[in-house]
Structures are given as C-alpha cells and as structure tokens.
Amino acid sequence: MDLLSDSALMLKVKSGDNHTLGLLYERYKKRLFGFFFQMCKDASLCEDLVQNVFIRVLKYKHTYTEESNFLSWIFKIARNVYYDHFKAAAKNKASDVDELYDLKSSDNVEKEMEQNEKMMLLKKAISKLPDDKKEIILLSKIKGLKHKEIGEVINCSEGNARTRVHRALNDLKDIYLTLEKR
Amino acid sequence: MMNYIEFKDCLVDYVSGNLSEEKINALELFLKENPEYSKEVEEVTFFWEGIEEEIPEPSAAMDIGFYTMLNAQKEKKNNVSIFTKIENFLLGSTFKRVGYSIAILTVGFFLGKSMDTGTLPVESNIEEVKKETESVRSQLVLTLLEQPSANKRLQAVNEVTKLNKVTETIIQALFKTLNNDDNVNVRLSAIEALSNYADIPLVREGLIASILKQESPLVQIALADLMVVLQEKEAIQSFEKLIDEEDTNESVKQKMEESIERII
C-alpha cells in the first residue's frame with residue numbers, strides 16, 4: 001500500500017475521493033481517541049467524538065489547502081468538537097479520581113508506597129487543573145505538535161503557545177504542592 | 001555557555017522535545033557541570049510524564065461506526081446529486097421546464113404503454129450506489145488487512161464475504177494473508193473466504209501452492225479438507241510431499257493420506 005502523506009490523502013478526500021478518509025482514520029483514530037480520553041475519561045463518548053471529528057473533516061474539507069498542516073488542522077477540529085460537545089452539556093462532570101486511578105496493592109515496599117502516593121497526588125492535581133491548561137499540555141505531548149503547530153491549533157503565536165505550556169505545567173506543580181501540604 | 005536562568009527557562013522545552021539540538025547540548029553540558037540541578041529536570045519530567053495515563057483501546061464499534069458513516073456519506077452524495085438535478089430542473093428556465101415536461105410526459109406515455117421493458121433511472125442510480133459501497137468495502141478490507149491487530153485482520157477477511165465481486169487486488173491480499181499472517185485464525189478465515197472463489201483457476205492454483213507454505217497443522221488440515229470438497233487432483237502431489245517430510249505432524253500425515261484416498 002502506498003504510503004502517501006497525510007496531506008496528500010486529505011487533498012484526495014477534498015477532491016471527492018471520500019473513501020481515502022478511511023486511511024486517515026486508521027492513522028489518526030488512536031491519537032484522537034487518546035487525546036479525548038485524557039480530557040474526559042469516558043471511552044464511549046470519546047469514540048463518538050472521534051467519529052464527529054471525521055464527520056467534520058468531510059464537512060469542512062473545502063477549507064483544507066496544500067499549505068495546511070494536517071496534524072494541526074485535524075486537532076483544531078478535534079478541539080472544536082470537544083468544546084462544542086461540552087458546551088451543550090451544562091457542566092463537565094467531575095470524575096472521581098480515586099476510583100479512576102485505583103492503584104494496585106503495593107508489596108509493602110516503602111518506596112513503592114511513596115511513589116504511589118505521589119502519583120495519586122499528581123492525578124488529583126491533574127483533575128484540578130483547568131481544562132484549557134490540561135488541554136495545552138496534552139496537545140504538546142502529541143508527537144509532531146511543536147509550539148508552532150500548537151499555536152495553529154489554538155489560534156495563537158508560537159511564543160504564546162510556549163508560554164501557555166510553561167504556565168500550565170507550573171500551575172500543575174503549584175496545585176500539586178498545595179495538595180501535598182494538606 | 002548556559003547559565004542557571006537560561007537552564008530554568010528552557011527546562012520545559014527540553015522535557016517536551018521543543019529544544020534545538022544545539023540547546024540540548026548546552027543544557028546537557030550545564031547539567032554535567034552542575035549535577036545538583038538534575039533534580040529539577042526530574043521534577044519537571046515527573047509532572048510532564050504524570051499527565052499521560054493508560055489509555056484503553058477504542059472498541060471495534062468505533063471502526064464500524066466510522067465506516068458506516070463513510071458509506072452513508074457516499075450514498076448521501078449520490079442522493080444529493082439527484083436532488084440537485086431536480087432542483088436544477090425546478091429552477092431552470094421556463095423554456096427548459098416546458099421542454100422537460102414534454103419529455104417527461106412523452107416518456108411517461110411510453111412507459112405506461114410498455115411497463116415490462118426498460119430500466120428506470122432510479123434503478124441505475126441504485127446500481128451506482130451499490131458500486132460505490134462495494135468500492136468502499138473493498139478499501140475497508142485492504143485497510144484492515146494491514147492492521148497490526150489480529151481482530152482487525154479477521155474483520156477484514158469477514159468483510160470479503162460481504163462483497164459481491166472480488167477484485168484481483170483483494171484476492172492477492174487474501175493470499176498474502178493466507179501465506180504470511182502470523183495468526184492461525186486469520187489464516188483459517190482467509191481459506192474460508194478464498195474457498196468462495198475456488199471456481200477462479202488462479203484461486204485454485206494459489207490454494208494448492210499454499211499447502212506447502214503452511215506450517216500450522218490446523219491450516220494444513222483446513223486446506224486438505226477444502227481440496228477434498230473441490231476434488232482437486234492437483235493437490236495430491238503436495239499432500240504426498242507433506243507426508244514425506246519428517247517435520248510434518250503425525251495427525252496431518254494421516255489426514256493427508258485420507259484426503260488422497262477421498263480425492264481419488
């Protein structure tokens with residue numbers, strides 16, 4: 001099978017070759033699902049969101065140009081799909097972190113216990129991190145999305161994207177340290 | 001030479017892979033000379049890595065949903081073209097409208113007179129939609145056959161059975177699967193799918209050739225069973241070779257002997 005670039009495939013979709021979207025779906029479904037899952041933790045909802053992304057890809061294929069970066073373009077759509085979904089719902093459900101990150105029993109090894117506690121605390125801190133901050137960290141963890149591309153996704157400059165990543169990580173650290181003091 | 005302020009400033013960029021090669025070298029050199037700051041790298045890494053968690057695999061339902069949507073889009077596209085035609089007709093010039101009306105009346109008259117002949121345009125459109133669906137399904141088969149997950153490849157082979165017509169590419173892909181797939185279940189499914197096209201000489205030849213390529217007794221037995229059903233005499237030579245081979249499983253040898261008897 002030809003390994004056409006994402007952009008070449010998307011241009012085929014744009015020209016009416018809709019079945020090519022299947023190849024892009026296979027390349028991106030896991031990354032999109034992972035992004036959504038880390039944002040909302042609801043696997044079934046994430047599957048719907050992934051599908052909505054591809055529905056929008058077809059709907060807005062005319063906006064894709066040869067100059068577009070497919071990765072930024074699709075994550076921009078993903079982000080809109082996510083926020084549109086939660087805009088419709090009144091409030092984002094707070095997830096029970098303790099339940100979600102049930103840790104396996106440690107073998108009473110003190111170090112492991114300590115590490116587990118730290119991880120639990122970190123998960124709690126992450127759950128308290130505002131959605132936009134969590135999102136920027138998750139976006140910057142996606143392979144291929146550097147500050148420049150993140151800027152394209154969230155409509156800001158490269159420098160601004162960098163600052164936001166730094167701030168988000170600092171905020172996470174602050175929340176963690178506050179929780180640790182309690 | 002990097003100083004502490006610079007080091008601190010690009011720590012997040014370092015951990016997130018946003019530093020240039022040159023800066024990475026400078027930062028690593030700084031750490032080498034000031035090992036006491038490596039704790040700060042560890043700290044940032046802790047927060048950076050901690051946000052990533054175990055992500056479950058999306059279910060097969062997601063794939064089914066997507067491909068159903070894609071098929072539906074195709075069909076919708078065809079339907080839209082009919083609507084567009086109607087719309088164009090309704091919004092066309094009066095002259096055109098009168099002309100088309102006369103044409104429709106004439107066609108209606110003749111159709112009424114001879115209901116038993118001729119194909120309706122709607123039928124030809126349905127045919128077109130069917131063709132498109134077939135093409136999407138073929139693409140789905142080829143895409144799924146390339147997937148690392150055995151379940152996906154099984155799904156691909158099962159999709160083949162839904163196709164009305166198989167292309168040479170699909171047949172080749174099925175043989176590639178039959179002869180090279182790591183998973184026995186996928187290979188067995190490929191035999192089942194290919195057995196539906198055993199009337200094609202190339203498929204028959206491919207199946208016979210595959211007998212000696214197989215190492216799994218289950219696959220060898222499945223192929224032997226199929227050859228008996230097809231009464232394929234050409235396969236006997238391959239069966240005999242398998243019987244002569246030292247490595248061949250005893251049950252397989254027995255099965256081959258029985259198969260030879262049943263074919264003759």
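Chain identifiers are assigned alphabetically (A, B, ...) following the order of the sequence lines, protein sequences preceding nucleic acid strands; residue numbering begins at 1 within each chain. Being a predicted model, the structure only gives us computed values, none of them experimental.
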Task: Structural part of B:L11 lying under 4.5 Å from a heavy atom of chain A - done: neither

Open item on the list: Out of B:S59, B:S16, B:G17, return the one with the most heavy atom pairs under 4.5 angstrom to chain A.
Closed with: B:S59

- [ ] Using a cut-off of under 4.5 Å on heavy-atom pairs, state which of B:V12, B:L144, B:T169 scores highest against chain A.
- [x] B:V12

- [ ] Would you kindly say whether B:N34 and B:Y4 are connected by a side-chain donor-acceptor distance under 3.5 Å?
- [x] no

Task: A:R162/A:E158 ion pair, N-O < 4.0 Å - done: no

Open item on the list: Any donor-acceptor pair under 3.5 Å linking the side-chain atoms of B:Q214 with those of B:S210?
Closed with: yes

Task: Heavy-atom pairs under 4.5 Å with chain B, option from A:D48, A:V165, A:I55, A:L129 with the top count - done: A:I55

Open item on the list: Which one wins on heavy-atom pair count under 4.5 Å against chain B: A:K30, A:E47, A:E26?
Closed with: A:E47

Open item on the list: I'd like to know which of A:K134, A:K148, A:K146, A:H147 tops the heavy-atom pair count under 4.5 Å against chain B.
Closed with: A:H147

- [ ] Considering only NZ, NE, NH1 and NH2 on the basic side and carboxylate oxygens on the acidic side, decide whether B:K23 and B:D13 come within less than 4.0 Å.
- [x] no

Open item on the list: If I measure from the heavy atoms of chain B, does A:I137 come under 4.5 Å with its side chain, its backbone, both, or neither?
Closed with: both

TODO: Give a yes or no on whether a salt bridge exists between A:D84 and A:R56, defined as a side-chain N under 4.0 angstrom from a carboxylate O.
DONE: yes

- [ ] Pick one of side chain, backbone, both or neither for B:Y67, based on which atoms fall under 4.5 Å of a heavy atom in chain A.
- [x] side chain

- [ ] For A:E135 and A:Y82, test the side chains for any donor-to-acceptor distance below 3.5 angstrom and give the result as yes or no.
- [x] no

Open item on the list: Report which part of A:L21 has an atom under 4.5 Å of a heavy atom belonging to chain B: side chain, backbone, both, or neither.
Closed with: both

Open item on the list: Between A:F70 and A:Y28 (judged by ring centroids, cut-off 6.0 Å), do the two rings come close enough to count as a pair?
Closed with: yes

Open item on the list: So which residue, A:I126, A:N170, A:T20, ends up with the most heavy-atom pairs under 4.5 Å with chain B?
Closed with: A:I126

